[in-house]
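Single-structure report; data block below.
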Number of protein chains: 2
Amino acid sequence: MSHVLIVDDERDLAELIDFNLRGAGFSTRLAFTGEAALAAAREQSPDVVLLDLMLPDLSGIEVCRHLRANSQLRDVLIVMLTAKSEEADRIRGFEVGADDYVVKPFSVRELVLRLKAILRRSATPKESVPPLALGPLRLDVTAHRFYVEGQETSLTALEFRLMEHLMARLGRVQSREQLLEEVWGLSSSLETRTIDTHVMRLRDKLGNARALLETVRGVGYRIVDPTAG
Amino acid sequence: MSHVLIVDDERDLAELIDFNLRGAGFSTRLAFTGEAALAAAREQSPDVVLLDLMLPDLSGIEVCRHLRANSQLRDVLIVMLTAKSEEADRIRGFEVGADDYVVKPFSVRELVLRLKAILRRSATPKESVPPLALGPLRLDVTAHRFYVEGQETSLTALEFRLMEHLMARLGRVQSREQLLEEVWGLSSSLETRTIDTHVMRLRDKLGNARALLETVRGVGYRIVDPTAG
DNA sequence: AGCGTCCGTCACCCATTTGTCACCCAAGGG
DNA sequence: CCCTTGGGTGACAAATGGGTGACGGACGCT
C-alpha cells in the first residue's frame, strides 16, 4: 500500500498512530523532530507525511515549506496534526500547502479514513484534474488559479478553498455548519457569521458574476448553474 | 433527530449538557454510572454515547470496551469527555475505539457542533437526495428548490421544511401537534393555529395545485396523491 | 520597525420571515 | 334551519437573518 512518514515528538502518540496505520496496511516510518523528518523524507520519499504542528526544532509549517521547496518532494501529500487551540495556524498551513488537517485529539478511525480519502483523491494524476469551469467562472485546482470572464482574479487561500468547495457542489446548498466543517476544518469554533463576510468578499471579486453565488435564506449558500433553465 | 446517551457522574454538568442538547434538537438520556450507562444503552440503542472518562464504578474506557463487545451496540458512535490532564487515558481511549474526543472544559457550542459533525459523517453519504416528485410538484432537497408545474417557486426555509415533511408522508394526515413537533422542533410552544397560516401561505404558492394540500377537518393536513383514485 | 495582506468579529441596518390575533365563513350535527 | 366548531384569511408586530463597512490582531515581507 502506501508509505507514511509520521512526524510527532510525542512518542506515545506517534507509536500509537504507527501501530494503527500498520494495522490498516500502510508501511510507516517515524520521526520525532523536524530535522529527522526532512532527512527521512529525502532518503525515502513517502507518499504521505503526517505532520505535527508543534515540534521541538522546526515548526510543522517550516517543515512543510521545506518539503514544498524540494523538487523531489514537492508533490508529497501532507496532512497536518494540530491541537485545537492552534486554529489560527491551520489557515497558515493551508497557505504553505498542507493537503488536509486533522485536529487533535482525533480518533484513529477518522485518521485512517482521512488518509485513505486523500490518497484516493491524489491517485488520479494531478495533471488531469480538470479545471472546474462554470459559465464565466473557471477554477484551476492544479495551478491554483481562478478566472472570471477569462480574467485571472486573485483569491486568498481561504477564498480559493471556499470557492472550490462551492463550485464542486454545483447547485447544492451548503449550510454554514457544513462549510465551517469542510472548508475551515473540524470542530472549528468560529462564528458562523464569519462565513458571511467571506462570501461577501468572494462576491466582490466575482464582479458581474456575483449573482452565481446565491444566498438561500435560513439555509446556506449555493452556486447556481447558469446553463440550467 | 438523534438520540444521545449522556454518561457523566457530575450531575450538574450532565444536566447542563442535557439541557443544551435538547435545545439543539437531540433526544437524550442520562446515566450517572458506568453500569447505568450500559443498561440504558442496551435498553434503548442510542446513536451516540457521550462518555465521561472518570466514572465512579467502571472507567469510561471499560464502558467503551463493553459497548464495542456487544454486537447490538458495536457500531454506536462514542464521544469521550476527558479532562485535559488525562493524556495517558486519551491514548488508551483511542485503542478501544472512541470516535471523537472533547477535552474539558469545552464550550457547549463546540460540543454540539462536534456531535452534529460526527453524525453527519457517519450518516449514509447523502451527497444528493433524489428529488421528491409528485404530480405537478417537485421538491429538490439537495438544491433546496421547489417547482410547481415545472416553474420554480420560492419557499421560505420553514415552508420548505413543512412541504418536505408533508410530501414525504404522501397521503397520510399529519396532526397539528405532529407538525409542530416534527417541523418546528421539540420545545416549540406555538399556537397550533400558527400552522393554519403557514398552510395558507403554502397553498397560495401552489397556485393551481393548491387542491393537493387537503384539510382534514378536526384532524390535520395531508398531501393527496394526484394519481390515485 | 513599518507596511500591507488576510482573517475573524462586531455593530448597524434593512428586508423578509414568522407568530399571533380578530373576524369571518363553511361544514356538520341536531 | 340554526348553532357550534374548526378553519381560512388579512393585517400587524416582532423576531430573525443576512449584507455590509469598520476594526484590530496576526503574520509575512522588506
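Naming convention: chains lettered A, B, ... in sequence-line order (proteins, then strands); numbering from 1 in each chain.
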>> Using whole Å, what does the distance between atom C1' of nucleotide C/dT16 and atom CG of B/Leu155 come to?
In response: 14 Å

> Do A/His165 and A/Trp184 have their ring centres less than 6.0 Å from each other?
Replying inline: no

> At under 4.0 Å, does any side-chain N or O of B/Tyr221 touch on OP1 or OP2 of D/dG6?
Replying inline: no

> Considering heavy-atom distances to DNA chain C, does A/Ile195 or B/Arg193 have its closest nucleotide positioned more toward the 5' end?
Replying inline: A/Ile195

> Looking at five pairs on each end of the helix from C/dA1-D/dT30 to C/dG30-D/dC1, what is the angle between the two axes, given to 10 degrees?
Replying inline: 30°

>> Restricting to side chain to side chain donor-acceptor pair (under 3.5 Å), what partner residues turn up for B/Glu149, sequence neighbours left out?
In response: none

> C/dA26 C1' sits how many Å from B/Glu214 CD, rounded?
Replying inline: 16 Å

> Contact class for A/Thr194 vs. all strands (heavy atom < 4.0 Å): base, sugar-phosphate, or nothing?
Replying inline: base

> When the distance from CG of A/Asp196 to P of C/dA15 is rounded to whole Å, what number comes out?
Replying inline: 18 Å

>> Taking any heavy-atom pair under 4.0 Å as a contact, classify B/Phe160: base, sugar-phosphate, or nothing.
In response: nothing

>> Main chain of B/Ser154, side chain of B/Lys205: is a donor-acceptor contact present, judged purely on distance under 3.5 Å?
In response: yes

>> I'd like to know if A/Arg29 and A/Glu43 make a salt bridge, using a cut-off of under 4.0 Å between side-chain N and carboxylate O.
In response: yes

> Think A/Thr215 has a side-chain N or O under 4.0 angstrom from the OP1 or OP2 of D/dG19?
Replying inline: yes

> How close or far is atom P of D/dG21 from atom CZ of A/Arg203, stated in whole angstroms?
Replying inline: 13 Å

> Nearest-Å distance, CH2 (A/Trp184) to P (C/dC6)?
Replying inline: 15 Å

>> Salt bridge check, B/Arg201 against B/Asp204: does any charged N sit closer than 4.0 Å to a carboxylate O?
In response: no

> The side chain of A/Arg217 lies closest to which of these nucleotides: C/dC7, D/dG8, D/dT16?
Replying inline: D/dT16

> Between D/dG8, D/dT9, D/dT5, which nucleotide gets closest to the side-chain atoms of B/Thr197?
Replying inline: D/dT9

> Among B/Gln178, B/Glu214, B/Arg176, which residue meets the side-chain hydrogen bond (donor to acceptor under 3.5 Å, both in side chains) test with B/Tyr221?
Replying inline: B/Arg176

>> Just the rounded figure in Å: distance from P of D/dT16 to CZ of B/Arg161.
In response: 13 Å

>> So if I take every side-chain heavy atom of A/Arg176 and compare against C/dT20, D/dG18, D/dG7, which nucleotide ends up nearest?
In response: D/dG18

> In whole Å, what is the span from the CG atom of A/Leu202 to the C1' atom of D/dG18?
Replying inline: 16 Å

>> So, OP1 or OP2 of C/dG19: does either fall under 4.0 Å of a side-chain N or O from B/His198?
In response: yes

> When you measure from the centre of the six-membered ring of A/Phe146, is the NZ or CZ of A/Arg138 under 6.0 Å away and within 45° of the axis?
Replying inline: no

> Counting any heavy atom closer than 4.0 Å, what does A/Arg201 reach on the DNA or RNA strands: base, sugar-phosphate only, or nothing?
Replying inline: base

> C/dC7 P sits how many Å from A/Met200 CE, rounded?
Replying inline: 13 Å

>> Tell me if the centroids of the rings in B/Phe26 and B/His3 come within less than 6.0 Å of each other.
In response: no

